[in-house]
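Contents: one structure, followed by commentary.
Just the heavy atoms: all of them, side chains too, but no hydrogens, waters or symmetry mates, feed the values below. Since we're looking at a predicted model, the values are computed, not measured.
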Amino acid sequence: MAERKDRMALLSRYAKLHTARYGARPDHNLNKEQWSADNLIESYTLMGCYDLLEYYFDSAMTPTWTYFAYNADNIVQSKKQLEQDNKERAERRRMAKEWLNE
């Protein structure tokens with residue numbers, strides 16, 4: 001079980017990102033949502049959750065805590081696919097550049 005300060009830190013990071021995007025603090029119940037934050041931290045570590053939360057806010061049209069908490073696996077898969085795609089594209093650009101320089 002993650003420590004309470006870690007759970008609250010994750011929820012606080014979400015609140016900070018939510019406030020920056022919408023101009024208002026989220027209205028979810030911290031006492032209730034700390035348990036989903038605990039599960040996320042146990043699965044992905046606190047720093048991993050921070051990175052995942054940043055990615056989620058950058059990519060989602062209307063990010064919500066509930067979607068993030070219940071679909072973190074899908075978000076992780078999406079992030080991995082994006083990283084793999086970027087890696088493959090960089091390799092293809094390198095190969096194309098070599099081919100053009102011949």
Side-chain angles (χ1 to χ4, degrees):
M1 176 177 260
E3 292 186 29
R4 180 173 167 78
K5 67 177 183 152
D6 292 338
R7 295 189 302 253
M8 291 302 161
L10 181 59
L11 289 167
S12 176
R13 176 71 58 103
Y14 172 80
K16 178 182 172 186
L17 293 170
H18 186 275
T19 302
R21 177 171 274 192
Y22 297 114
R25 295 205 34 100
D27 60 351
H28 58 257
N29 182 344
L30 292 179
N31 292 320
K32 178 184 165 198
E33 299 303 336
Q34 72 175 328
W35 303 113
S36 57
D38 179 57
N39 291 333
L40 289 167
I41 292 169
E42 289 292 319
S43 297
Y44 305 111
T45 73
L46 183 60
M47 294 310 292
C49 288
Y50 284 167
D51 292 339
L52 195 59
L53 198 54
E54 294 285 336
Y55 171 76
Y56 177 57
F57 266 84
D58 288 341
S59 62
M61 298 276 292
T62 55
T64 64
W65 174 259
T66 304
Y67 186 88
F68 177 73
Y70 289 106
N71 294 293
D73 288 336
N74 295 339
I75 298 168
V76 168
Q77 291 297 347
S78 174
K79 185 177 179 186
K80 285 181 182 179
Q81 288 175 349
L82 179 65
E83 290 169 353
Q84 181 65 28
D85 184 55
N86 288 339
K87 183 179 172 183
E88 290 173 0
R89 286 174 187 254
E91 179 64 21
R92 288 185 185 130
R93 281 192 299 271
R94 184 192 61 76
M95 290 171 55
K97 188 173 184 179
E98 287 177 6
W99 181 73
L100 289 172
N101 288 333
E102 288 180 356

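Under the rule for a side chain to side chain donor-acceptor pair (under 3.5 Å), the partners of R4 that lie at least two apart in sequence or sit in another chain are Q34. For E54, the salt bridge (charged side-chain N to carboxylate O under 4.0 Å, His left out) partners at least two apart in sequence or on another chain are R13. With sequence neighbours excluded, the residues that form a side-chain contact (heavy atoms from CB on, under 4.5 Å) with R25 are A15, T19.
Heavy atoms only, all atoms of each residue included: R21 and P63 are closest at NH1-CD, 2.7 Å. Across all non-hydrogen atoms, the minimal contact from M61 to Y22 is O-OH, 4.3 Å.
If you chain together ILVMFWY residues whose side-chain heavy atoms come under 4.5 Å of each other, W99 ends up grouped with L100. Listed by chain and number, the hydrophobic cluster partners of L11 are M8, L10, Y14, L17, L30, L40, I41, Y44, L46, M47, Y50, L52, L53, Y55, Y56, F57, W65, Y67, F68, I75, V76, L82, where partners are ILVMFWY side chains within reach of under 4.5 Å, directly or through others.
At least one side-chain heavy atom of R94 sits under 4.5 Å from a side-chain heavy atom of E98.
Under the salt bridge (charged side-chain N to carboxylate O under 4.0 Å, His left out) criterion, the residue pairs touching residues 72-88 are D85-R89, with sequence neighbours excluded.
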**Request:** Go through the steps to decide whether Y70 and N39 satisfy the test side chain to side chain contact (heavy atoms under 4.5 Å, CB included), and finish with yes or no.
**Result:** CA-CA 10 Å; Y70 289 106; N39 291 333; over 6 Å; no
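Interatomic distance, OG of S43 versus CG of D38, reported as 9.0 Å (0.5 Å rounding).
Side-chain contact, S36 with E33: a donor N or O sits under 3.5 Å from an acceptor N or O.
Crowding of N101 atom CG: a count of heavy atoms from other residues, nucleotides or ligands under 6.0 Å exceeding 12.
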